[in-house]
Amino acid sequence: MPQKGADFYLIDAYDEISKQQWNVALPEIPTDFDSEYGCAVKIVQLVKGSEALGATIKYTPEGSVFISRLIVGGAAEKSGLISVGDRIISINGISVDNKDPNDIAVLLNSSENSTVTFKLAPTALRKCLPTDQLKNYKYVKALIDYDPKNDPSHPCPDAGLSFEKGTILEVIHIDDKHWMQAKFVDAVSNMPSAVGIIPSDEKLSLDDNNITFENNKNRLISNGYESVCQLAPKSGIIRTLVLIGPPGVGRNELKRRLILQKPQKYAATVPHTSRPPRPHEKDGIDYNFVSRQQMKEWIHNGRFIESGEYNGNLYGTLDDAILTVISKKQIPIINAHPSALKSLRSSRFMPLTIFIAPPDLTVLKKTRALNKSDRKFNDNDLEQMIIQSKQLEQMYGQFFDAKIINDNLNDAFETLCSILHNFETLPSWIPLEWVKNDIK
């Protein structure tokens, strides 16, 4: 009877394998025949070191244990001898069927010598990396904060990757529709980055109502990641400079200084309004003065980057106002409300978004006490500025390319100039969507 069972399994295995197309040479693996399981098995010995095994397992209802994932760069993956789908029959001669995961972990760490021996029933199917999908998802920018230890659905929190919004990640492997493997992209250091398991966009969309992502309960985005690519310096692309920040933080003064310093390079956009011009104002310089009906028509057609009504008059920044500056080979500067980023973040404007934040309240009081402008700030104004700043950063921080704390206007301006110089001379990350039509 055992022999008949063995013949059945061998024939079944042959039928399955004969259907497959193998594109790589398989390594020579010591094999044996397990009469209890009625199939050929492979014996794999791994030398124990300081690194983790780098694999996750799953259970069937019958209690069988399978390799469900190999962490890229881990000991199991580098060995080339263990595959996703392999059934673990024993570790160091001890059966793992129906064993608790903690008991299996003890087996892996209790070996008296430096090797761990696996008896594996090979998978009949070899999973291939979805190269087409990975090509379009190679680098991503995190739009959320994520900590695997706060995610009860994570398959292996210890092998997860924790990251903050704005982090650039390189996707190494797409395991399935719910989980991917990725590592940090560090442009400064050449030190290798560990690979960890992160949720996919589809997985994150399922967890929108979970307390797992407690810092993102009210996020205004539909995805957890944004595919990005690097923009080479001196590319000839003119990017719209967008200064974001709470009212009174100093954006207007930074904008004024930048244009004053380099008037040929930077220019302000001319807003539109429905109110009549005042005696000292010139059409096309101070404002573009148009009828209320024309303004309403443009608003209806979605032509304004942002618009609003004040004292019964309409105001707004028309998309053509930005494009006019760009057509003159100048960099447009706008102080926009963050809600305008929805319209700005496109290949038409390619915004470089810099967040201007206030310092802590003690420093803010000192700097604003020295303010020589007509506007005076009381303690409540300053406290509201800090509160609004934190709210803006929490809601829109994933879209900021840089941040400046304006604790001293001269220092803040120098920092702004330094940031702009770096974006002009060093590669920078931009959404792939902005340039994908140019990629062949």
Side-chain angles (χ1 to χ4, degrees), residues 135-144 165-169 201 205 219-245 251 255 265-272 288 295 297-308 315-356 392-393 395-403 419-420 423-424 426-440:
K135 181 179 179 182
N136 296 324
Y137 214 49
K138 181 68 172 173
Y139 296 100
V140 296
K141 180 180 182 180
L143 303 182
I144 62 166
K165 64 178 67 173
T167 303
I168 303 297
L169 302 167
D201 264 332
S205 68
R219 68 180 189 233
L220 304 180
I221 54 176
S222 58
N223 298 321
Y225 311 100
E226 179 178 58
S227 294
V228 295
C229 63
Q230 280 197 313
L231 177 67
K234 308 297 183 183
S235 62
I237 294 176
I238 295 178
R239 301 184 64 181
T240 303
L241 178 56
V242 182
L243 301 181
I244 301 289
R251 291 180 297 157
K255 172 182 172 182
K265 185 174 184 177
Y266 299 99
T269 57
V270 180
H272 285 68
N288 291 303
M295 289 280 291
E297 182 179 333
W298 282 337
I299 291 173
H300 177 74
N301 293 332
R303 293 286 307 281
F304 281 101
I305 299 301
E306 57 180 353
S307 61
Y315 294 83
T317 300
L318 198 65
D319 52 4
D320 278 350
I322 299 176
L323 298 175
T324 296
V325 175
I326 294 176
S327 69
K328 297 177 181 178
K329 305 300 182 183
Q330 290 179 293
I331 297 174
I333 309 178
I334 62 172
N335 295 340
H337 187 276
S339 60
L341 290 175
K342 184 176 181 181
S343 300
L344 284 168
R345 298 187 84 251
S346 70
S347 58
R348 299 176 73 199
F349 308 113
M350 290 196 175
L352 172 57
T353 306
I354 300 178
F355 181 56
I356 312 298
L392 290 176
E393 191 166 14
M395 295 176 67
Y396 301 96
Q398 62 271 14
F399 301 127
F400 300 158
D401 296 295
K403 176 182 176 180
I419 289 172
L420 295 175
F423 275 101
E424 291 175 356
L426 300 174
S428 57
W429 294 98
I430 63 171
L432 182 63
E433 183 75 19
W434 295 358
V435 296
K436 71 177 185 179
N437 292 333
D438 298 326
I439 299 176
K440 297 180 179 179

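In what follows, residues are counted from 1 in the order of the sequence shown.
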CG of Leu344 to CD1 of Ile305, rounded to nearest 0.5 Å, is 4.5 Å
Separation between NZ (Lys265) and CD (Glu424), nearest 0.5 Å, reads 3.0 Å
*asked:* Checking the side chain of Arg239 only, and the main-chain atoms of Met350 only, is there a donor and an acceptor separated by less than 3.5 Å?
replied: yes
Rounded to the nearest 0.5 Å, the CG atom of Leu341 sits from the CZ atom of Phe349 at a distance of 12.0 Å
Rounding to 0.5 Å, atoms OH (Tyr139) and CD1 (Ile168) come to a distance of 11.0 Å
Between Arg251 and Ala336 the two heavy atoms that sit nearest each other are NH1-O, 3.3 Å
Heavy-atom nearest pair, Glu306 first then His337, reads OE1-N, 3.0 Å
In short, Thr353 meets Phe399 closest at the heavy-atom pair CB-O, 3.6 Å
Residue set satisfying ring-ring contact (aromatic ring centres under 6.0 Å, His included) with Phe304, at least two apart, ordered chain then number -> none
Subject >> Donor-acceptor pair, side chain of Lys141 and main chain of Gln398, under 3.5 angstrom >> reply: yes
message: Run Cys229 and Trp434 through side chain to side chain contact (heavy atoms under 4.5 Å, CB included) and show every step you take.
response: CA-CA 9 Å; Cys229 63; Trp434 295 358; over 6 Å; no
In short, Val325 meets Ile331 closest at the heavy-atom pair CG1-C, 4.0 Å
Donor-acceptor contact present, side-chain Ser227 to main-chain Leu432, <3.5 Å:
no
Between the CG atom in Asp320 and the OG1 atom in Thr269, the distance rounded to the nearest 0.5 Å is 12.0 Å
With heavy-atom distances below 4.5 Å as the criterion, would you say the side chains of Tyr396 and Ile244 are in contact? no
What one should report as the nearest heavy-atom pair of Ile322 and Pro332 is CG2-CG, 3.8 Å
Residue pairs meeting salt bridge (charged side-chain N to carboxylate O under 4.0 Å, His left out), one or both in residues 334-347, sequence neighbours left out, come to Glu226-Arg345
request  = May I ask you to decide if Ile354's main-chain N or O and Asp401's side chain share a donor-acceptor pair within less than 3.5 Å?
outcome  = no
Looking only at heavy atoms, the pair that brings Asn335 and Lys255 closest together is ND2-CD, 3.7 Å
d(Leu420 CG, Tyr266 OH) to nearest 0.5 Å is 4.0 Å
